[in-house]
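What follows is a single structure, written as structure tokens, with notes after it.
Only a predicted model underlies this, so the values are computations on that prediction, with no experimental measurement involved. All residue numbers refer to positions in the sequence shown, counting from 1.
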Amino acid sequence: MNHGGSIEDKVTLLESEKSARDENLKRLIVFSVINLVFFFIELLVGFLSNSVAIVADALHVICDCFSFVLSIFGILQAKSSKRRRGFSYGNERFELVTAFLNSVLLCYLGLSLVYEGIENILKPHLLSHKGEMLFVAVCSFTMNMFGTFYIGHDHDHDHDDTGHKENMQSVIFHLLADLAGSLSVLVCIFLIKFFNINKADGFASVFLGFCIFAAVIPLFRSTFSILMQGLTHKQDEMRKAVLQQIKEMSDVVVVSSSHMWQLSASHIVASLHVRCHPDADYEICYDKISALCSAFVNELYLQIDIDM
């Protein structure tokens with residue numbers, strides 16, 4: 001059993017999702033090239049000025065490039081109509097996997113920046129080329145502001161494919177973390193240049209790390225839950241309510257097996273094995289159970305056994 005509206009609605013939705021993927025793919029490729037060029041510029045200035053914050057921000061930029069490549073790969077695989085051997089559900093989860101990998105990468109990056117920042121607070125470095133640092137920080141902030149609006153423009157409203165949304169959300173988290181990072185670098189350079197507070201460099205790195213880590217935890221939890229075949233709290237409550245209603249049906253003896261999981265955040269799959277009394281009507285039981293599950297299950301595999 002599969003719920004989801006008329007054929008025309010499905011075709012329209014698929015066309016909308018394809019258009020959104022194509023547009024986001026183009027924007028990701030363009031911004032990835034811009035990001036890569038800026039990485040080399042920022043890394044050079046960071047080493048010349050001996051700034052941990054700028055080098056950390058540059059490393060974050062190259063991590064972004066890697067994450068964008070992952071997201072691009074996920075989009076290309078999700079677009080592909082070729083089904084890989086052994087993957088009966090096709091490519092639907094590729095973008096979820098890339099979103100999860102991006103969230104893991106961001107968690108690691110956030111913690112490493114906190115570590116580097118603490119080290120620099122304890123043993124601050126003497127910074128040079130402060131004018132060049134300020135110029136790069138302003139350019140970084142401008143580029144990240146542009147990227148946040150360019151990549152993130154209307155991405156929540158373009159489509160209803162939750163796997164793609166999770167993938168693009170991981171990209172947006174990278175960009176927002178970049179924006180917070182470049183802003184913190186800008187503030188720290190201002191404090192160093194005009195007030196000679198050298199420890200501001202380390203504090204900026206710690207602030208950036210915490211921003212990244214805190215922002216990405218919800219994405220990590222949601223993608224991890226889906227990949228582990230889990231349900232959200234709300235979905236689990238609905239599952240318990242539906243199973244209780246099935247058990248209370250007069251024709252039902254027992255629900256001997258029940259499994260429900262997320263194929264994606266908007267696609268719930270359920271497998272039920274129900275035993276019914278000998279005088280129960282198979283078709284009536286099937287229709288009633290299907291109707292109860294249709295409230296939130298998109299794909300139902302139902303086996304009904306009539307006791308003899």
| query | Will you find, in the side chains of His267 and Glu299, an N or O donor that is under 3.5 Å from an N or O acceptor? | reply | yes
| field | Under the ring pair (Phe, Tyr, Trp, His ring centres under 6.0 Å) test, residues paired with Phe146 that sit two or more places apart | value | Tyr150
| field | side chain to side chain contact (heavy atoms under 4.5 Å, CB included) evaluation trace for Ile304 with Tyr282 | value | CA-CA 7 Å; Ile304 295 178; Tyr282 179 89; 3.6 Å; yes
| task | With rounding to the nearest 0.5 Å, note down the distance linking CZ in Phe213 to CG in Leu106. | result | 11.0 Å
| field | ILVMFWY cluster, Val37 and Val69 together (side-chain gap under 4.5 Å) | value | no
| Identified side-chain hydrogen bond (donor to acceptor under 3.5 Å, both in side chains) partner of Gln244 from the options Lys247, Glu248, Lys240 | Glu248
| task | Can you see which heavy atom on Phe210 is nearest to which on Val114, and at what distance? | result | N-CG2, 3.8 Å
| query | Atom CG of Leu263 and atom CH2 of Trp261: how far apart are they, to the nearest 0.5 Å? | reply | 9.0 Å
| said: Looking at every non-hydrogen atom in both residues, tell me the closest pair between Ile289 and Met249 and how far apart they are. | reply: CG1-SD, 3.9 Å
| request: State whether the side chain of Ser225 and the backbone N or O of Arg221 hold a donor-acceptor pair below 3.5 Å, judged by distance alone. | output: no
| task | Give a yes or no on whether Phe39 atom CZ has more than 12 heavy-atom contacts from other residues, nucleotides or ligands under 6.0 Å away. | result | yes
| query | What are the two closest heavy atoms between Ile246 and Cys293, and how far apart are they? | reply | CD1-SG, 4.2 Å
| message | Show, in sequence, the C-alpha distance, side-chain angles and deciding distance for Ile34 and Met143, and conclude whether the side chain to side chain contact (heavy atoms under 4.5 Å, CB included) test is met. | response | CA-CA 9 Å; Ile34 297 172; Met143 187 191 73; 3.9 Å; yes
| Under the 3.5 angstrom rule, does the side chain of Asn298 hit a backbone N or O of Ile268 as a donor-acceptor pair? | yes
| said: Suppose we screen for side-chain hydrogen bond (donor to acceptor under 3.5 Å, both in side chains). Which residues come up paired with Thr232, at least two apart in sequence or across chains? | reply: Gln235
| said: Going by salt bridge (charged side-chain N to carboxylate O under 4.0 Å, His left out), name the residues that satisfy it together with Asp307, two or more places apart in sequence or in a different chain. | reply: Arg275
| Taking atom CD1 of Ile29 and atom OG of Ser32, what is their separation to the nearest 0.5 Å? | 7.5 Å
| Any chain of hydrophobic side-chain contacts (each under 4.5 Å) joining Leu122 to Val206? | yes
| task | Verify the neighbour count for atom CZ of Phe141: are there more than 12 heavy atoms of other residues, nucleotides or ligands below 6.0 Å? | result | yes
| field | ILVMFWY cluster, Val274 and Ile284 together (side-chain gap under 4.5 Å) | value | no
| Partners passing side-chain hydrogen bond (donor to acceptor under 3.5 Å, both in side chains) against Ser256 (at least two apart in sequence or in another chain) | His273
| query | Say you draw a straight line from CZ of Phe68 to OG1 of Thr98; how long is it, rounded to the nearest 0.5 Å? | reply | 12.5 Å
| Minimal non-hydrogen separation, Ile306 against Ala280, with atom names | CD1-O, 4.1 Å
| request: With the side chain counted from C-beta on, respond yes when Tyr301 and His259 share a heavy-atom pair under 4.5 Å apart, and no when they do not. | output: no
| said: Rounded to the nearest 0.5 Å, what separates atom CG in Leu231 from atom CZ in Arg239? | reply: 6.5 Å
| query | About how many Å separate CG of Leu28 and NZ of Lys26, when rounded to the nearest 0.5 Å? | reply | 12.0 Å
| Are the side chain of Gln262 and the backbone of Gly230 linked by a donor-acceptor contact shorter than 3.5 Å? | yes
| What about Phe38 and Ile72, same hydrophobic cluster or not, with Ile/Leu/Val/Met/Phe/Trp/Tyr joined at side-chain heavy-atom distances under 4.5 Å? | yes
| request: Walk me through it: do Cys276 and Cys285 pass the test side chain to side chain contact (heavy atoms under 4.5 Å, CB included)? | output: CA-CA 8 Å; Cys276 294; Cys285 288; 3.8 Å; yes
| query | Taking it one step at a time, do Val97 and Thr223 satisfy side chain to side chain contact (heavy atoms under 4.5 Å, CB included)? | reply | CA-CA 8 Å; Val97 172; Thr223 52; over 6 Å; no
| note | ring pair (Phe, Tyr, Trp, His ring centres under 6.0 Å) filter on Phe100, not counting sequence neighbours, yields Phe220
| Do Phe40 and Leu43 belong to the same hydrophobic cluster, where Ile, Leu, Val, Met, Phe, Trp and Tyr are linked whenever their side-chain heavy atoms lie under 4.5 Å apart, directly or via other members? | yes
| task | Only counting residues at least two apart or in another chain, list the ones meeting side-chain hydrogen bond (donor to acceptor under 3.5 Å, both in side chains) with Glu283. | result | none
